[in-house]
There are 2 protein chains.
Amino acid sequence: MSHETAPLDAEQLGAYFALMEVSTLLQHAVDEHLRADGDLSYVQFQILARLTDAPDGKLRMTDLADGVVYSRSGLTYQAGLLEKRALITRTPAPDDERSVIVTVTDTGRGLVAQVLPGHIDVVRRLLFDSLHKRDLATLGSVLGRVREHMRAAPPRSAKPRAARPRTA
Amino acid sequence: MSHETAPLDAEQLGAYFALMEVSTLLQHAVDEHLRADGDLSYVQFQILARLTDAPDGKLRMTDLADGVVYSRSGLTYQAGLLEKRALITRTPAPDDERSVIVTVTDTGRGLVAQVLPGHIDVVRRLLFDSLHKRDLATLGSVLGRVREHMRAAPPRSAKPRAARPRTA
DNA sequence: CGAATATGCTTCGAACTTGAAGCATGCCAC
DNA sequence: GTGGCATGCTTCAAGTTCGAAGCATATTCG
């Protein structure tokens with residue numbers, strides 16, 4: 001409790017703003033290219049990529065949603081779109097009737113393969129071309145540690161407030 | 001052109017994913033608190049914060065939009081909401097009839113002051129509590145450099161593609 | 001077993017976002 | 001000075017997002 005309301009110093013503020021701005025710009029750039037190259041949004045690409053990496057190309061809806069940091073209802077919506085384009089299939093899980101198993105199709109894998117080079121290229125140009133090997137190593141390890149820290153902290157819901165009408 | 005399609009190595013991929021995941025998680029957490037504390041979305045807070053920092057608390061719509069990396073139409077929408085809550089005012093620019101000058105009101109400043117401590121607290125807990133002083137310095141300087149690099153590169157629009165119906 | 005609770009996904013309504021189109025004002029060249 | 005392009009904002013339609021509520025299947029515990 002030693003720091004409850006102490007302000008962030010200038011260095012911290014700068015790092016925070018830089019982080020948010022960099023990620024926003026990067027996401028916009030990547031999104032643009034994915035759309036041009038394969039008519040995919042960033043979220044859709046993330047879903048497909050994650051499935052492509054998964055064993056057998058299969059994942060449950062919930063795990064997928066957690067993986068991409070996305071709402072469940074949002075995922076249902078996007079899964080519907082991807083299924084319509086035959087990039088994935090949805091089948092009830094054999095062991096748990098409630099679960100839905102999402103699977104990448106060959107078409108889906110093909111599309112990922114098609115857009116991946118361009119995607120990577122954008123990331124490289126924007127993010128890595130300005131970094132030395134040393135910086136890269138630091139950035140990766142520092143962010144990796146932060147990620148672990150965040151995953152551990154459960155800020156999820158935990159809000160015993162009376163249901164406010166959500167005006168804004 | 002030496003690297004047009006070379007894949008990213010594992011280290012780069014890791015840093016990229018960590019960056020995106022950290023920023024997403026952080027943004028969600030911050031958004032949640034802002035909403036609980038002051039009924040503000042992250043975007044709305046950004047707008048108010050930027051105005052609060054600007055000389056005289058005034059900015060033109062376009063500059064504001066560029067500052068928060070946001071679409072113009074989106075900004076018009078949010079400005080409407082904020083104006084309704086008397087957090088900002090919109091007045092035509094005296095020197096250029098086309099421009100609109102946005103100004104934070106005292107109420108707006110008050111609200112920012114009210115939510116700021118909580119905001120900062122979330123950022124600190126999630127982002128900085130896991131970092132040593134040394135890491136922080138590196139993160140800040142590295143991201144700062146990346147940001148400069150990105151701002152320089154003009155990926156903006158520049159898409160002479162035929163207007164596709166934007167299917168997905 | 002059977003009720004109570006938890007878990008997994010979808011549906012629903014409302015809010016937010018975006019690019020394109022629309023309008024107005026400014027700027028430039030002729 | 002005036003026709004043509006540029007700039008700044010708003011409106012519009014379509015798509016996306018989220019949380020809450022709804023449903024169905026699992027699990028737990030009496």
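Below, chains carry the letters A, B, ... as their sequence lines are ordered, and counting in each starts from 1. Just the heavy atoms: all of them, side chains too, but no hydrogens, waters or symmetry mates, feed the values below.
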Quickly work out the A:D95 CG to C:dG8 P distance and round it to whole Å.
-> 11 Å
Taking all heavy atoms of A:R85 and all of A:D39, pick out the closest pair and write down the distance.
-> NH1-O, 2.8 Å
Separation of D:dT16 atom P from A:I47 atom CD1, nearest Å, is 12 Å
Where along residues 70-78 of chain B does a heavy atom fall under 4.0 Å from DNA chain C?
-> B:Y70, B:S71, B:S73, B:G74, B:Y77, B:Q78
Exam field: side chain A:H149 to backbone B:R125, donor-acceptor pair closer than 3.5 Å | yes
Pairs: protein N or O with nucleotides 2-4 of chain D N or O, under 3.5 Å:
none

For residues 67-74 of chain B, tabulate all N or O donor-acceptor pairs below 3.5 Å that involve a side-chain atom, not counting sequence neighbours.
| residue | atom | partner | partner atom | Å |
| --- | --- | --- | --- | --- |
| B:S71 | OG | B:G74 | N | 3.0 |
| B:R72 | NH2 | B:D66 | OD1 | 2.8 |

Spatial distance of atom CG (A:L51) from atom CG (A:L64) [nearest 0.5 Å] | 5.0 Å
Report all interatomic pairs (protein N or O, nucleotide N or O of nucleotides 1-7 of chain C) with separations under 3.5 Å.
| residue | atom | partner | partner atom | Å |
| --- | --- | --- | --- | --- |
| C:dT7 | O2 | A:R98 | NH1 | 2.9 |

In whole angstrom, give the distance that lies between atom CZ of A:R35 and atom P of D:dA14.
-> 17 Å
Does B:R90 offer a backbone N or O that forms a donor-acceptor pair with the side chain of B:E83 under 3.5 Å?
-> yes
Could you give the CG-to-C1' distance, from B:D31 to D:dC18, as a whole number of Å?
-> 11 Å
Ignoring hydrogens and angles, write down the donor-acceptor pairs under 3.5 Å from the side chains of residues 11-18 of chain A, residues two or more places apart or on other chains.
| residue | atom | partner | partner atom | Å |
| --- | --- | --- | --- | --- |
| A:E11 | OE1 | B:K133 | NZ | 2.9 |
| A:Q12 | OE1 | A:D9 | N | 3.1 |
| A:Y16 | OH | B:H119 | NE2 | 2.7 |

Whole-Å distance separating the OH atom of B:Y42 from the C1' atom of C:dT17 = 17 Å
Not counting sequence neighbours, list each pair that qualifies as a side-chain hydrogen bond (donor to acceptor under 3.5 Å, both in side chains) and has a residue in residues 135-145 of chain B.
-> A:D135-B:R145, A:R145-B:D135
Could you state the atom-to-atom distance from CG of A:L40 to C1' of D:dT16 in whole Å?
-> 15 Å
Test item: A:Q114 side-chain N/O and A:D37 main-chain N/O as donor-acceptor pair under 3.5 Å | yes
Working to the nearest 0.5 Å, report the span between CE of A:M150 and OG of B:S23.
-> 8.5 Å
Protein-nucleotide distance (A:Q46, atom CD; D:dT17, atom P), rounded to Å | 11 Å
Write down the distance between CD (B:Q27) and P (D:dT17), rounded to a whole number of angstrom.
-> 13 Å
Note: for B:H28 and A:D96 on DNA chain D, the residue whose nearest nucleotide lies more 5' is B:H28
